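Each remark here refers to the structure printed beneath this line.
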Amino acid sequence: VGKSIKRVDAFEKATGRAKYIDDYQIENMLYGITIRSTKQRAEIINIDTSDIPENIVIVTADDIPGENIVALFHNDQPLLADKIVNYIGEPILLLAGPNIDQIRDFRNKVKIEYRELEPINTMEEASSNKITPIFNDNNIIKKYGYEKGDSVEKYFSDDYTIIEGDYKTGYQEHVYLETQGIIAIPKENGIKILGSLQCPYYVNKALFRGLALERDQIEVENVTTGGAFGGKEEFPSLLSGHAALLALKSQKPVKIIYERTEDISFTTKRHPSKSHHRIAFNNGKIVAMDFDFTLDAGAHSTLSEVVLARGALAATGVYKCPNAKLSSRTVTTNNIPSGAFRGFGAPQAFFAIEQQMNHSAYKLNIDPFTLRKQNILLTGDSTITGQVLEDSIMDVLDLIEKKTSFKSKYNKYKNQKKSRKRKGIGISAYFHGCGFTGRGEEVIKATATVDFSIEKGAVIKVAAVDMGQGVNTIFPQIVADCLDISLDKVSMEKANTSKVPDSGPTVASRTTPVVGGLIYQCCKGLCKEIGVTDKSDFLKMAENKLQKGQIISVSQQYKIPKDITWDDDNFVGNAYPTYSWIANIVEIEIDTVTCEVEVEKITAVHDIGKAINPILVEGQIEGGSLQGLGYSAMENMVSENGVIKQNSITDYIIPTSLDTPEIEIFLVEQPYSKGPFGAKGVGEQPLVGIPPAYVGAVENALQAEFFEIPLTPEKIFRVLKGR
Ligand code: MOS
C-alpha cells in the first residue's frame with residue numbers, strides 16, 4: 001500500500017490480449033439488434049414483421065415471460081415498449097440471426113404504425129402541467145427540499161449584498177472507448193449474462209421479474225470492461241434483458257453490441273440541469289443561500305432520484321451557511337433517459353454554487369480564493385445536514401494557493417491590458433461524498449469475502465469490477481499489505497454473481513473506502529482465525545496450522561455505526577460515510593478575436609485519505625480532469641424534438657491528447673477512520689469541479705460573467721458581442 005505498482009491488466013491491455021465482450025465467440029451464437037421508436041411520444045397501433053424471414057428470431061413485448069419492467073426504484077421503464085413509446089429510440093422489438101450484416105439490413109423492414117401524441121420537450125414544459133404527464137400526474141419523480149435556520153427571505157434585502165444567477169448545464173456523453181455489449185447464454189434452468197458492466201448484481205435484480213426467474217437463475221459475469229464512467233451502471237440491465245429475451249426464445253447464445261452512433265444516440269447521458277441560486281453576504285460572510293435545482297430525467301426515472309440527492313446535497317458547497325433553503329426536483333420529459341455519469345448530480349450543483357462564489361468575489365471586489373477561505377466549513381463544524389466533519393478542505397485550499405500563486409495571478413490578470421490575447425485563472429473548491437448518499441450503504445448491506453489456503457494464497461471475492469480505474473490492482477495491494485504476503489499470493493475471483501457475494505455496485509466513489517474497507521476487515525479476521533496479532537507472523541503460522549487443501553474464509557458485511565443516522569425527508573444527519581476534499585485551478589489564455597481558449601495548466605489538489613496506489617490515483621485525476629474540461633468547454637450535445645443532434649465522435653467533440661494541458665497533481669492524506677489504511681474515494685471527483693474553475697478563468701480574462709456550460713467559443717463570442 002502506498003506504492004505505485006504496475007497495474008495487473010497493463011500488459012494484456014497494451015498488447016491487445018485482453019478479451020472484451022465483442023471478442024467472445026460462442027458456438028451457434030446469434031447476433032441481436034434493436035428496432036426502436038422513430039416517434040418521440042406515440043401510441044403503437046400496429047407492428048408488421050411480415051417482411052422478416054422465418055429463420056430470424058423476433059421478440060416483442062408479447063414474448064416477455066414476466067412483468068414488462070426493468071426493475072429499479074419505480075419500475076416505470078419497460079423492457080420493450082408495449083402500447084406507448086416515450087422517446088425517440090425507445091426499444092420496441094428485437095431481432096436476432098446468425099449473420100450480423102444481414103440482421104442489420106432488416107432494420108428497415110419492420111413497419112410500425114403510430115398515433116402521435118404531444119411530447120414534453122423541456123423541463124419547463126414538464127413543470128407547466130399543460131401537456132399530459134409522462135410520470136405520475138405531474139412528471140415529478142422525486143423532490144427534495146428543506147429550510148434550515150431562519151427564513152432566508154429576511155436576508156435577501158438591501159441590508160446585505162445579494163448575488164443571484166440562473167445556471168444551465170448540458171448533456172454529457174460518456175464516450176467509453178468500448179460501446180455497450182452483452183452476451184446472453186441460455187443454460188439449464190436459467191440464463192448466463194456476460195457483459196461490459198459496472199454492477200453484476202444490478203442486472204439480476206433488474207431482470208428476474210421480467211424474465212420470471214429466481215434471482216439466482218440469472219448468473220451475471222463482468223468481462224474486461226473498456227471504460228464505463230457511470231454509463232455502464234444501470235443501462236446494461238436493459239441491454240441484458242434484451243439479449244436474455246432473444247436467448248430464451250431462440251435457446252441459443254445471443255450477442256448484442258451497439259455501434260457507436262446507436263450508443264451515443266440511445267444510451268443514457270448526464271442529466272441536463274437548470275438552477276437558480278441566491279446568496280446573501282454580510283461583510284464577506286455568507287448569511288443565507290436559496291437554491292432551486294431541476295434535473296431533466298428524460299422519459300424514464302432510472303436512477304434520477306439518487307442523482308438528484310447527490311446534487312441537492314451539494315447545494316451549499318463547502319461553505320458555512322446558517323440559513324438555507326433548497327427546492328429541487330427531477331422531472332420526466334420525452335427525451336432520452338438520463339442516467340449515471342461520473343459525479344452523479346454533483347457537477348451540475350457545484351457548477352451553480354461555485355459560479356455564484358466566482359461572481360460574488362467579483363462583486364465584493366475580493367479575490368475568489370480569499371472569499372472561499374473565509375467561508376469554508378472547518379473540522380468539527382456541522383454541514384448543512386448537521387453532519388459533524390472529521391476533517392475539512394482547509395489544507396487543500398492552502399496548498400493549492402501556495403502551489404499556484406492564485407491570488408497574485410488573479411489580480412494581475414484582472415488588471416491586464418485589453419490586448420487580443422488575454423490570460424485568466426479560475427478556482428473551485430468542493431467535496432465529494434464517498435459512498436452512497438444517505439441510507440444507501442445501509443440498504444445495500446455490502447458483503448466481501450477473502451479466502452486463504454496455502455495452495456491458492458488469498459482470493460478476494462467481491463462484485464466490484466475493474467472498468468479501468470484499477471480495482472484489480474489495489475485490492476490485492478490491500479490484502480498483501482494486511483497479511484504481509486507477496487502480491488503473487490493474492491488473486492481476485494471473477495465478478496460473477498454465482499461466485500462472489502454482493503459487495504454492491506461499482507459506483508459512487510465507494511469501492512476503495514467501502515468495499516476496500518470490508519476487505520481490510522476480512523484480512524483482520526483471517527489473522528484472528530490463524531491466531532496472530534502481528535501480520536508478519538501470518539504466513540508462517542498459516543503454513544503450520546492449515547492442512548493440505550484447507551481453505552479458511554472470512555466474510556464481512558457493512559454495518560452502519562450506531563452514531564450515524566440519516567433522515568431522507570428532512571435532509572438531516574450523515575449524508576455520506578466520509579468526504580474527499582478537492583480544489584482545482586485552471587489557467588487559460590483566450591484569443592478575443594476567435595474566442596478560442598487554450599488551457600495552459602490544471603492544478604488539482606485532492607484529499608483522498610490515503611493513496612493505495614499513487615500512480616493509479618494520478619491516472620484517475622488526469623483522466624477525470626480532462627473529462628471535466630470537455631464538459632466545461634467543448635462537449636456540446638443538444639436534443640431537438642427528442643433527437644440527439646451530435647451522434648458521432650465527429651460531431652460530439654471530446655478532448656484528445658492534443659487538448660490536454662499540463663496537469664499538476666498534489667495529494668493530501670487526511671485519513672478516514674473507517675477506510676482501508678485511511679483511504680477515501682477518488683473515482684468521480686476529478687471531473688466535478690473543473691467547470692467552475694474553467695469558466696472562472698475565462699471570466700477573469702474577459703471581466704465578463706457566464707452562466708452556462710459547455711462554454712463554447714460561440715457562446716463566449718455572443719456575450720462579448722452583446723456588450
Ligand atoms: Mo456512478 S456515476 O456512481 O456509476
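Remember, it's 1-based here, ligands and their atoms both numbered in the order they're listed. Numbers for residues simply follow the sequence, beginning at 1. Note that the structure is a prediction, hence the values are computed from the model and not measured. Heavy-atom basis, side chains included; hydrogens, waters and symmetry copies ignored.
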Original post:
Listing by chain and number, which residues have a heavy atom under 4.0 Å from ligand 1?
Top reply: Gln198, Gly230, Glu233, Ala340, Phe341, Arg342, Phe344, Val507, Ala508, Glu684
**OP:** Taking the six-membered ring for Trp and the full ring for Phe, Tyr or His, determine whether the centres of Tyr430 and Trp581 are under 6.0 Å apart.
**Re:** no
Original post:
Just wondering, more than 12 heavy atoms not from Lys13 lying within 6.0 Å of its NZ?
Top reply: yes
Original post:
When the aromatic ring centroids of Tyr176 and Phe229 are compared, is their separation below 6.0 Å?
Top reply: no
Original post:
When the aromatic ring centroids of Tyr171 and His271 are compared, is their separation below 6.0 Å?
Top reply: no
**OP:** Can you spot which of Ile183, Ile182, Ile21 makes a side chain to side chain contact (heavy atoms under 4.5 Å, CB included) with Lys255?
**Re:** Ile183
Original post:
What pairs with Glu618 under side chain to side chain contact (heavy atoms under 4.5 Å, CB included), at least two apart in sequence or on another chain?
Top reply: Ile665
